[in-house]
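All remarks here apply to the structure that follows.
So that the names make sense, note that chain A is the first sequence line, chain B the second, and so on, each numbered from 1.
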Amino acid sequence: MIKVEHLVKTFGTKRAVDDISFSVEPGEVLGFLGPNGAGKSTTMRVVTGFYPPTSGRVTVGGFDVVEEPIAAKRLIGYLPENAPGYADMTVHGFLSFAAELRGLAGDSKKKAIYKAVETCMLEGVLYQTIDTLSKGYKHRTCLAQSIIHDPGILVLDEPTDGLDPNQKHEVRALIKRMGERKAIIFSTHILEEVEAACSRVIIIDRGKIVANGTPAELKARSELAGAVRISTRSASAAALNEKLTPFAKRTEVLSEGAGGVAMRIYPVAGHSRDAEFAASIVELAQRENWKLDEIHIEEGRLDEVFRSITLPDTIKRAA
Amino acid sequence: MHTWTNIKAIMKRELGGYFTSPVAYVFLVIFLLLTGFFTFTVGNFFERGEASLVSFFTWHPWLYLFLVPAAGMRLWSEERRLGTIELLLTMPVTPWQAIVGKFLASWLFMILALVLTFPVWITVNWLGSPDNGVIIAGYVGSALLAGAYLAISCMTSAMTRNQVISFIVSVMVCLFLILAGYTPVTDLLVRWANPVFVQTIAAFSVMTHFDSFQRGVIDLRDVVFFVAVMGFALFTTGVVIRGHRAG
Ligand SMILES: Nc1ncnc2c1ncn2[C@@H]1O[C@H](COP(=O)(O)OP(=O)(O)OP(=O)(O)O)[C@@H](O)[C@H]1O
Ligand SMILES: [Mg+2]
């Protein structure tokens with residue numbers, strides 16, 4: 001549905017987007033992650049036809065956004081960053097305007113407005129002007145605008161920005177639900193959101209894609225992923241350490257006291273991972289007669305992966 | 001097929017924008033007060049002792065100089081300030097449709113203001129028997145003049161997100177278009193410059209072309225002049241908007 005090939009966008013001498021390629025198919029929800037200024041919004045603006053690309057090609061539903069912009073734009077619903085809206089219009093007037101530009105009229109327009117209002121829960125503010133709305137409601141109004149024509153493709157730039165926790169949850173669920181049939185790209189700074197709603201994640205840093213995969217795949221890149229956490233009362237930390245060191249890249253004592261020892265053991269890189277590594281530790285415990293109260297394979301955390309990927313310089317400098 | 005629906009939707013929104021804020025009413029009141037003031041006080045409407053609207057139309061280029069940029073300054077700068085331009089231009093709408101829709105809305109608004117001056121026309125018909133053909137020509141010329149100024153305001157408002165700057169630049173451009181053919185200025189210029197040069201410059205002035213309408217002549221060349229100014233300014237608006245997006 002969306003196909004981006006070697007996209008470059010420069011502003012003066014600055015390469016905001018530097019040779020990015022990816023594609024999104026219906027039924028996929030692609031999460032865009034990246035530090036501030038990475039080029040997420042710029043990429044989205046090119047995809048939606050607001051900025052022409054400096055070089056490279058973007059097609060939406062088979063239409064090139066430069067050569068057939070109108071046909072491409074018809075297929076897309078877009079929520080720009082900061083959810084702009086006409087300050088002096090009412091929510092209803094604004095949605096009605098959006099519907100008209102989407103070619104809806106008469107009964108189908110009324111139905112479309114009704115449905116978007118219901119989905120985004122805007123009933124209470126329908127006749128309030130946009131400049132008097134709270135930030136969250138303004139965001140929801142703009143979101144309603146983007147889904148009013150039930151587009152096959154959605155491009156949402158930070159759709160949950162400024163929403164309260166309940167609304168964040170609602171919008172995530174909405175994205176997930178819509179993602180069953182539509183091709184969706186959305187950007188966010190909230191990492192749980194990615195795990196909750198995305199089928200695939202792209203991390204962008206300084207205009208380049210630095211990671212691309214399912215949330216699970218990315219989490220597996222975390223140092224923590226595959227580490228085994230154990231707790232036991234039958235040995236001291238020092239004793240455990242001594243026996244575990246040959247197995248592990250490193251061990252970390254999480255707590256030690258009357259309740260016993262809790263310890264995290266990191267597998268040697270490239271060596272046995274996950275269940276295999278855990279099994280070898282269980283085996284060792286049986287041999288040494290340790291009674292394990294708990295054994296747990298760590299999943300890896302996205303925030304850690306995010307940091308290690310987008311902050312390589314800082315980490316190297318610190319090391 | 002979609003072209004007209006799109007233009008209409010944009011026009012409707014823009015016109016609505018004028019009337020949902022008090023700005024429109026303030027503008028209309030000021031416009032009517034000022035036209036009245038210039039016509040009856042400064043223009044010596046009654047002392048002239050003639051049944052015509054010369055004293056009414058003479059002031060329009062000067063009145064519009066400030067009023068039209070005030071009506072047009074928000075067209076694009078507001079759109080850029082709010083960020084709604086990103087919404088508008090990612091809708092299945094061509095930039096052309098957006099530019100024309102916005103321009104037509106503001107022009108309709110100016111024409112409405114002009115129509116509301118009808119009491120002046122009634123007065124002059126009640127007091128005497130003017131040549132109504134001349135008056136209609138005057139109205140047509142005035143509407144075209146307002147359109148030309150508006151297109152220029154449209155252009156300057158696309159250049160900046162600051163309405164004040166947009167207003168000032170557009171007043172400057174319009175002032176130039178007046179002065180280039182304003183008799184006191186051209187008389188002064190002829191002393192130093194080549195008369196052919198002065199005349200050429202004057203041909204670009206709105207004054208030269210507006211004058212004949214006041215005399216009751218609707219000359220195709222004058223109409224073409226105003227339409228060309230609008231076309232040029234709106235075309236430039238398109239280029240400016242394109243430029244912002246190209247980065
Ligand atoms: N119109 C513009 N003119 C000049 N530079 C721009 C323009 N738009 C974006 N940039 C630059 O391009 C880079 C990428 O910006 P972009 O808005 O895409 O970042 P982002 O990933 O969306 O960041 P954030 O998470 O803060 O929203 C930034 O360095 C920004 O300064
Ligand atoms: Mg952004």
If I measure from the heavy atoms of chain A, does [X] come under 4.5 Å with its side chain, its backbone, both, or neither?
| X | answer |
| --- | --- |
| Thr90(B) | both |
| Lys8(B) | neither |
| Gln97(B) | neither |

Is there a side-chain contact between [X] and [Y], using heavy atoms and a 4.5 Å cut-off?
| X | Y | value |
| --- | --- | --- |
| Glu86(B) | Tyr78(A) | yes |
| Met91(B) | Arg102(A) | yes |
| Leu87(B) | Gln145(A) | yes |

Is it the case that over 12 heavy atoms from other parts of the model lie below 6.0 angstrom from the [atom1] atom of [X]?
| X | atom1 | result |
| --- | --- | --- |
| Phe19(B) | CZ | yes |
| Met121(A) | CE | yes |
| Trp62(B) | CH2 | yes |
| Phe31(B) | CZ | yes |

statement: To the nearest 0.5 Å, atom CG of Asn82(A) lies from atom CG of Leu82(B) at 11.5 Å

query: What distance separates Leu101(A) CG from Thr5(B) OG1, expressed to the nearest 0.5 Å?
result: 9.5 Å

field: Interchain contact, Phe97(A) with chain B, by part (heavy-atom threshold 4.5 Å)
entry: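 Contact with chain B is through the side chain of Phe97(A) alone.
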
- prompt: Contact part of Ala72(A) toward chain B, heavy-atom cut-off under 4.5 Å: side chain, backbone, both or neither?
  reply: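 Neither part; nothing is under 4.5 Å.
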
- request: Report the option among His149(A), Lys14(A), Met89(A), Glu81(A) that has the most heavy-atom pairs separated by less than 4.5 Å from atoms of chain B.
  value: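 Winner by heavy-atom pair count: Met89(A).
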
query: Looking at Ser96(A), Ala98(A), Gly93(A), Pro84(A), which makes the most heavy-atom pairs under 4.5 Å with chain B?
result: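 Among the listed options, the one with the most contacts to chain B is Pro84(A).
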
- prompt: With a 3.5 Å cut-off and no angle check, do the side chains of Tyr86(A) and Glu78(B) form a donor-acceptor pair?
  reply: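 Per modelled atom types, Tyr86(A) and Glu78(B) side chains form no pair under 3.5 Å.
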
query: Do Arg245(B) side-chain atoms and Phe50(A) backbone N/O form a donor-acceptor pair below 3.5 Å?
result: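 Checking the backbone N and O of Phe50(A) against the side chain of Arg245(B), a donor-acceptor pair under 3.5 Å is found.
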
Minimal non-hydrogen separation, Val93(B) against Lys73(A), with atom names: O-NZ, 4.5 Å

